[in-house]
2 protein chains.
Amino acid sequence: MKALIVDDDLALADIVSFTLRRAGYEVIVANDGAMALERWQTEAPHFLILDLNLPRLSGLEVCRRIRAESDIPIIILSVRDEDDDVVRALQLGADDYIVKPFSPRQLVARLEAVLRRSGSDRPVPDRFTAGDLTLDSLRAEIYVGENPVGHLTHLENQLLQTFMLNPNQVLPAEALIDHVWGPAGGDRAMLKQLVYRLRAKIEAAGTQTRVETVAGVGYSLATGRREPA
Amino acid sequence: MKALIVDDDLALADIVSFTLRRAGYEVIVANDGAMALERWQTEAPHFLILDLNLPRLSGLEVCRRIRAESDIPIIILSVRDEDDDVVRALQLGADDYIVKPFSPRQLVARLEAVLRRSGSDRPVPDRFTAGDLTLDSLRAEIYVGENPVGHLTHLENQLLQTFMLNPNQVLPAEALIDHVWGPAGGDRAMLKQLVYRLRAKIEAAGTQTRVETVAGVGYSLATGRREPA
DNA sequence: CAGCCAGGTTATAAAGAGGTAACAAAAAAG
DNA sequence: CTTTTTTGTTACCTCTTTATAACCTGGCTG
């Protein structure tokens, strides 16, 4: 997820930049209004952290112009905390208004609240791939390439999903049982049975990917490629 | 648009209440946490203004419980302005956090920013189309092309509308129940029945569009066209 | 070599999900 | 206040999914 930080105070921009990077975002910086618009166009960031007091083009104006064309989340970060400023910025379409000096933790929390609400936060991934096999965990459907080749039951879906989150790794039986049935929900006999049925389905699908047995320990999803060291 | 204000300080609740009413909102008040949940259930407000420091059930707990069942906008209004409090509230799913004493103008501006972002401000359009089937949700009338081909009941209308807002997507049973009956309002048996009745009507209408079952998950409205990747 | 695991296979039973239908309660219409 | 429509409830049936048990196999150990 890519952030565009707009601030003419380089030290400030650095702090914000550092904060967001640490929170796991990619960061681009612009130092004035005109540059902000340009970067916004060329870089297509996912959201903006915008100072109001900018050379060349005011923050409010930047906000207005971007809002005219895009619905991207915009968070204002400003020294001014007059009611008028806040209200005007929000009315122009900003999503939040934070007054400097700001708390990094709060900035991130507020940002994530806005992202959550805007729907641009990463939705829980519902599609997994291992080797040539793909699982659509929402539909519980498996594919080889583009072709649907089979339908899984709840438990099979759950199990394959666990495998795909840890491909080419040996997963102890206990861990698998926990992931599929939850704690105190399953036993080895049930897992054995489930593995058997899952194997039948993915073998019928005609894929390289297999569930391998690791005697005495558990199972592992082999993608056919060499396992990374 | 209906607000639920939750605050044990009656004077404060009155001020907020007055502010929102003047801004054109309908207002309901609750004075403690338990009452808040009850009112939320019975009154189905469009958003919450929530104090944190409540008798009987803390504001955070109210927030958590409501978030477990609903996506309704929640704005926290609290005297506490510790970073920890703000961050925790936002992480629990609150949309904004305003510190008392608050500015009425700013409260309204922030509220409206959240409502805008949450999409609850734009009126639901009253005409939907999916494939060759059209729904006039105001009249609860369905058409194939220009010809009216059937009349739906309230619930059927609600359900089809939900489908048409997300065509060709798998909608989990829970989500459908929520949209049709609201939180804590329906169960699978009722949904099953409702789907059965809706299917009868749209099948009788002679359309390509169908409600498909996704076993173990929910349903999906299939328009007959290829689904977008 | 006999016996005993662990794990694969097969079979069968229990549980559950979903479609259909009929009916009763509640709400709306007249 | 009666009649009609809508909604909720229950029951039944079928098909799928899941659990359980029995059996088979091959490797390992005493």
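Order of the sequence lines fixes the chain letters, A, B, ..., with proteins taken first and strands second; residue numbering starts at 1 for each chain. No experiment lies behind these values; they were computed from the predicted model shown. Excluded from the calculations below are hydrogen atoms, water molecules and symmetry mates; all remaining heavy atoms, backbone and side chain alike, are included.
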Report task. Return the value, rounded to whole Å, for the distance between atom CG of A/Leu198 and atom P of C/dG8. Result -> 12 Å
Query raised in the report: What's the NE2-P distance between A/His151 and D/dT18, to the nearest Å?
Result: 9 Å
Requested in this report: Figure out the CG/P separation between A/Asp187 and C/dA6, and round it to whole Å.
Outcome: 14 Å
Requested in this report: Would you kindly give the CG-to-C1' distance between B/Leu194 and D/dT10, to the nearest whole Å?
Outcome: 17 Å
**Report entry** Interatomic distance where CZ belongs to B/Arg210 and P belongs to C/dG19 [whole Å]
**Finding:** 14 Å
Query raised in the report: Which is true for A/Leu155 with a 4.0 Å heavy-atom rule: it touches a base, it touches only sugar-phosphate, or it touches nothing?
Result: sugar-phosphate
**Report entry** A/Phe128-A/Phe163 aromatic ring centre distance below 6.0 Å
**Finding:** no
Query raised in the report: What is the distance, rounded to the nearest whole Å, between atom CE of B/Met190 and atom C1' of D/dT9?
Result: 10 Å
**Report entry** Under-4.0 Å side-chain N/O to phosphate OP1/OP2 contact, B/Tyr219 with C/dA17
**Finding:** no
Report task. Indicate whether the side chain of A/Asn168 and that of A/Thr223 have a donor and an acceptor atom separated by less than 3.5 Å. Result -> yes
Query raised in the report: When you check the phosphate oxygens OP1 and OP2 of C/dT10, does a side-chain N or O of A/Tyr196 lie under 4.0 Å from one of them?
Result: yes
Query - N/O (side chain, B/Thr213) to phosphate O (OP1/OP2, C/dA17) under 4.0 Å - result: no
Report task. Look up atom CD in A/Gln91 and atom SG in A/Cys63, then write down how far apart they are to the nearest 0.5 Å. Result -> 11.5 Å
Query raised in the report: Between B/Thr153 and D/dT5, does any side-chain N or O lie under 4.0 Å from OP1 or OP2?
Result: no
Query raised in the report: Relative to the 5' end of DNA chain D, which residue comes earlier, B/His154 or A/Leu152, by the nucleotide with the nearest heavy atom?
Result: B/His154
Query raised in the report: Is A/Glu212 salt-bridged to A/Arg210, going by a charged N under 4.0 Å from an acidic O?
Result: yes
Report summary line: B/Lys192 NZ to D/dT14 P, in whole Å, measures 15 Å
Query raised in the report: Picking from D/dT18, D/dT20, C/dG18, which would you name as closest to the side chain of A/Arg197?
Result: D/dT18
Query raised in the report: Any side-chain N or O of A/Arg199 under 4.0 Å from OP1/OP2 of C/dG8?
Result: yes
Query raised in the report: Whole Å only: how far is the CD atom of B/Glu203 from the P atom of C/dG19?
Result: 11 Å
Report task. Classify the side chain of A/Gln193 and the base of C/dT10 as holding, or not holding, a donor-acceptor pair under 3.5 Å. Result -> yes
Query raised in the report: Just to confirm, is there a sub-4.0 Å distance from OP1 or OP2 of D/dT7 to any side-chain nitrogen or oxygen of B/Trp181?
Result: no
Query - B/Gln208/B/Asp132 under side chain to side chain donor-acceptor pair (under 3.5 Å): CA gap, chis, key distance, verdict - result: CA-CA 7 Å; B/Gln208 295 269 320; B/Asp132 55 354; 5.7 Å; no
